[in-house]
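What you are looking at is a predicted structure, and each value in this text was computed from that prediction instead of being measured. We name chains A, B, ... by the order of the sequence lines, and we start the count at 1 in each one.
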There are 2 protein chains.
Amino acid sequence: MPAKMQDVARRAGVSTATVSRVLNSPELVSADAYRRVMDAIRDLDYKVNLAARRLRTNQTHTIAIVIPTISEPVIHEIVEAVEDVAITHQYTLLVCSTRGDTAREEAYIQLLTQQTLVDGVLYVSPRSAPEQVLKLAHGNAPLVLCNYTIDGLNTPSVLVDHVRSIYQATRYLLELGHHRIALLNLAAPHYYPARMRRKGFEKAYVDAGLMPDPALIVELVQPTYAHDDWRDAITGLLDQPDRPTAIVAFNDNVALEVYAACRARGLRIPDDLSVTGCDNILSSRYVDPPLTTVRVPSADAGRLAMRYLIRLITDENAVIPPITLFDVDLIVRESCAPPP
Amino acid sequence: MPAKMQDVARRAGVSTATVSRVLNSPELVSADAYRRVMDAIRDLDYKVNLAARRLRTNQTHTIAIVIPTISEPVIHEIVEAVEDVAITHQYTLLVCSTRGDTAREEAYIQLLTQQTLVDGVLYVSPRSAPEQVLKLAHGNAPLVLCNYTIDGLNTPSVLVDHVRSIYQATRYLLELGHHRIALLNLAAPHYYPARMRRKGFEKAYVDAGLMPDPALIVELVQPTYAHDDWRDAITGLLDQPDRPTAIVAFNDNVALEVYAACRARGLRIPDDLSVTGCDNILSSRYVDPPLTTVRVPSADAGRLAMRYLIRLITDENAVIPPITLFDVDLIVRESCAPPP
DNA sequence: CGGTTTAATGTAATCGATTACATTATGTAT
DNA sequence: ATACATAATGTAATCGATTACATTAAACCG
């Protein structure tokens with residue numbers, strides 16, 4: 001049976017109130033009592049019962065981060081950044097990955113609305129319908145969205161500029177002289193970042209005085225994280241009679257799948273096909289040829305989102321900008337060339 | 001002010017005991033009372049206060065997973081597997097990443113020994129000294145080690161066979177005719193998996209009737225996750241006058257750094273240098289040439305470790321094998337050839 | 001020196017659930 | 001009809017901290 005505050009108080013010859021003060025506001029306690037209490041704590045190896053503290057204070061010092069999967073480079077970059085901020089503010093992190101499974105996502109949302117489980121929720125790139133997320137927004141714990149936003153909701157969102165990332169890649173290819181560029185936007189069309197990326201793609205064409213070919217925009221009705229789906233989509237593009245001369249992949253992993261497909265078909269990058277990625281993951285530098293991609297400051301977005309969340313938790317009437325947008329940069333490497 | 005059980009009881013015309021029974025053991029409640037309580041819960045949008053429940057029951061339904069970093073492929077594979085098991089058993093997951101920072105690791109250990117924060121701890125690949133981990137082992141919450149073990153501690157460990165992974169890669173290279181094989185074991189020598197990998201490397205040599213050259217075993221005194229350290233180590237190996245003919249990298253990411261270093265120097269893989277990795281990460285298949293590596297069932301290890309942990313939590317006198325070892329397979333691709 | 005502020009501590013109510021035990025009603029066996 | 005088992009519910013203690021309020025002692029001031 002572990003020691004409780006009562007025991008510490010008895011051993012130190014003080015009341016539990018004093019012990020509690022030593023722990024939470026030591027400036028109210030005399031040096032003498034402080035020392036005696038600390039000694040008693042050490043001697044008895046006393047540990048606070050956090051459930052009791054939470055019940056009394058109504059604070060958990062825990063936040064939940066809801067993510068689609070931990071295996072995506074962008075996502076775990078965000079999780080790490082968020083954890084760093086959390087730890088410096090003495091918060092712990094509950095990780096809830098939905099895996100694109102709506103039932104699982106709803107179960108988590110259900111859980112997170114319970115009392116005194118978490119003080120706040122950080123929602124990263126949800127796949128589920130906005131109505132679900134709204135449930136959380138109307139719960140008791142503050143909510144901040146990251147890498148995502150829901151139109152007409154006054155919950156703060158912190159985003160990287162999904163429009164400009166694909167815009168920059170597409171414009172670069174157009175400037176190289178490509179006209180038949182395909183967009184591998186392998187997510188659901190209603191998914192916010194997918195919508196924005198498509199917008200960036202189309203805008204680049206329009207700004208160049210051209211029109212994109214809708215047949216070259218590939219999206220998935222039922223998105224999964226299985227690479228097989230990706231492969232099928234890529235096969236569809238590469239094996240058609242009038243093959244595109246360039247491919248804008250919606251992230252680096254998809255671009256790498258394109259690399260593999262090209263190798264299998266004897267197509268050379270960039271001579272036969274130009275390819276761009278997005279996110280600047282580690283291996284984008286190592287592949288041959290090094291991948292032209294876009295640097296997105298996801299970690300920065302995560303950090304800021306977490307800081308906003310903590311502000312909302314600790315300050316009842318904190319004012320947070322509804323949308324914060326981080327800019328992105330094109331990183332030119334060697335995977336693009338003028339069309340053959 | 002959110003509704004509490006009292007309010008539900010009043011509205012349903014029953015006592016709080018009955019409400020609690022509806023939630024926790026509905027078989028004790030009459031159909032009529034059940035319906036009335038459920039209606040009241042819905043009407044008032046009642047949510048359990050988990051802090052109160054935890055205080056009373058002394059159970060948190062939360063487990064902590066302590067990991068070095070979330071960004072390593074093996075680690076997040078384990079985290080995902082663990083989360084899947086957790087969710088099916090109604091547990092939530094607290095993620096604690098130490099980033100190889102001893103102070104941070106100790107802070108987390110300190111935190112995790114508090115009462116009613118978590119029901120158990122899963123410790124994955126710790127970097128810190130065993131004494132630290134021992135503190136947890138002697139705490140109140142059950143502990144299971146994953147990808148690691150501490151000699152002479154009776155805490156259950158679930159491991160992949162680190163000896164055999166490097167053994168197989170090394171033997172394969174020896175059979176191809178290599179004699180000057182380097183081991184890039186870029187971790188601290190006292191780190192358990194590093195010790196085992198070194199053992200596997202040496203055993204392969206001994207089994208072939210040869211002796212490894214200690215000068216070709218590279219380890220780090222102060223390991224970090226910075227790729228610069230890796231690059232320095234690789235430069236040291238490749239630029240020495242009597243270059244090794246093959247490199248066994250301790251994981252795939254290190255192997256990819258070797259690829260980059262070779263490209264920079266105009267060395268061809270596998271003609272000029274053979275390379276093997278370990279872990280079979282996604283991009284190992286995409287690089288050119290595809291990387292010969294070792295498949296390690298990390299997810300299986302994570303799942304089993306979590307199941308063991310839950311058994312320990314729920315069954316006071318569960319008996320768990322002290323060490324469980326998962327076997328590994330060499331995956332031969334195209335990054336190795338006979339020495340030039 | 002009386003009065004007032006300040007510092008240090010104690011007393012006890014409180015947070016919101018769970019559950020041992022008591023109570024009542026109902027059915028069943030003898 | 002009596003005794004007894006069973007089902008359904010209620011009463012109230014309990015988990016272990018925090019903190020408003022009360023109390024006491026010491027310090028300070030004109």
Checklist entry - Whole Å only: how far is the CG atom of B:Leu23 from the P atom of C:dA17? => result 9 Å

Checklist entry - Taking NZ from A:Lys47 and C1' from D:dC15, how many angstroms apart are they, rounded to a whole number? => result 20 Å

Item to check | Parallel, tilted or perpendicular, as decided by the 30° and 60° cut-offs, for the rings of B:Tyr192 and B:Tyr148 | outcome: perpendicular

Checklist entry - Touch check for A:Thr57, heavy atoms < 4.0 angstrom, all strands: base, sugar-phosphate only, or nothing? => result sugar-phosphate

List, with names and distances, any nitrogen or oxygen atoms from the protein found under 3.5 Å away from nitrogen or oxygen atoms belonging to nucleotides 8-12 of chain C.
| unit_1 | atom_1 | unit_2 | atom_2 | d |
| --- | --- | --- | --- | --- |
| C:dT9 | OP1 | A:Ser30 | OG | 2.7 |
| C:dT9 | OP2 | A:Ser30 | N | 2.9 |
| C:dT9 | OP2 | A:Ser30 | OG | 3.2 |
| C:dG10 | OP2 | A:Ser15 | N | 2.7 |
| C:dG10 | OP2 | A:Ser15 | OG | 3.0 |
| C:dG10 | OP2 | A:Thr18 | OG1 | 2.8 |
| C:dG10 | O6 | A:Arg21 | NH2 | 2.6 |

Checklist entry - For A:Gln115 and C:dA17, what is the distance between atoms CD and C1' respectively, to the nearest whole Å? => result 12 Å

Checklist entry - Looking at side-chain heavy atoms only, is the closest gap between B:Asp84 and A:Arg99 below 4.5 Å? => result yes

Item to check | Integer-rounded Å distance: C:dA17 P and B:Ile41 CD1 | outcome: 10 Å

Checklist outcome for this item: Rounded to 10°, the angle between the first-five-pair and last-five-pair axes of the helix from C:dC1-D:dG30 to C:dT30-D:dA1 is 40°

Checklist entry - Under 6.0 Å from the CD atom of B:Glu316, do we count more than 12 heavy atoms belonging to anything else shown? => result no

Checklist entry - Where the side chain of A:Arg56 is concerned, which of C:dC15, D:dC15, C:dT19 is the nearest nucleotide? => result C:dC15

Checklist entry - How would you list, by chain and number, every residue that makes a side chain to side chain contact (heavy atoms under 4.5 Å, CB included) with B:Ser15, sequence neighbours excluded? => result B:Ala17, B:Thr18

Checklist entry - Between atom CG in B:Asn49 and atom C1' in D:dT14, what is the gap in whole Å? => result 16 Å

Checklist entry - What ring-ring contact (aromatic ring centres under 6.0 Å, His included) pairs are there with at least one residue in residues 38-72 of chain A, not counting sequence neighbours? => result A:His61-A:Tyr91

Checklist entry - Is there side-chain contact between A:Val29 and A:Val14, with heavy atoms separated by less than 4.5 Å? => result no

Item to check | d(CD, B:Gln59; C1', D:dC15) in whole Å | outcome: 13 Å

Next on the checklist: What's the closest nucleotide to the side chain of A:Leu55 if the choices are D:dT19, D:dG16, C:dA17?
Outcome noted: D:dG16

Checklist entry - B:Ser71: what forms a side chain to side chain contact (heavy atoms under 4.5 Å, CB included) with it, not counting sequence neighbours? => result A:His76, A:Glu80, B:Thr69

Next on the checklist: Nearest whole Å is fine: how far is C:dT19 P from B:Met5 CE?
Outcome noted: 10 Å

Checklist entry - Looking at side-chain heavy atoms only, is the closest gap between B:Ile70 and A:Val95 below 4.5 Å? => result no

Can you name the atoms? Protein N/O to nucleotides 24-26 of chain C N/O, anything below 3.5 Å, with the distance.
none

Checklist entry - Would the number of heavy atoms belonging to other residues, nucleotides or ligands and lying under 6.0 Å from CZ of B:Phe326 be above 12? => result yes

Checklist outcome for this item: Separation of C:dT18 atom P from B:Lys4 atom NZ, nearest Å, is 14 Å

Checklist entry - Between A:Arg10 and A:Asp7, is the closest basic N to carboxylate O distance under 4.0 Å? => result yes

Checklist entry - Between CD1 of A:Ile63 and CG of A:Leu309, what distance do you get to the nearest 0.5 Å? => result 5.5 Å

Checklist entry - Distance check: side-chain N/O of A:Asn24 vs OP1/OP2 of D:dT18, anything under 4.0 Å? => result yes

Checklist entry - Salt-bridged, A:Asp39 to A:Arg36, with N to O below 4.0 Å? => result no

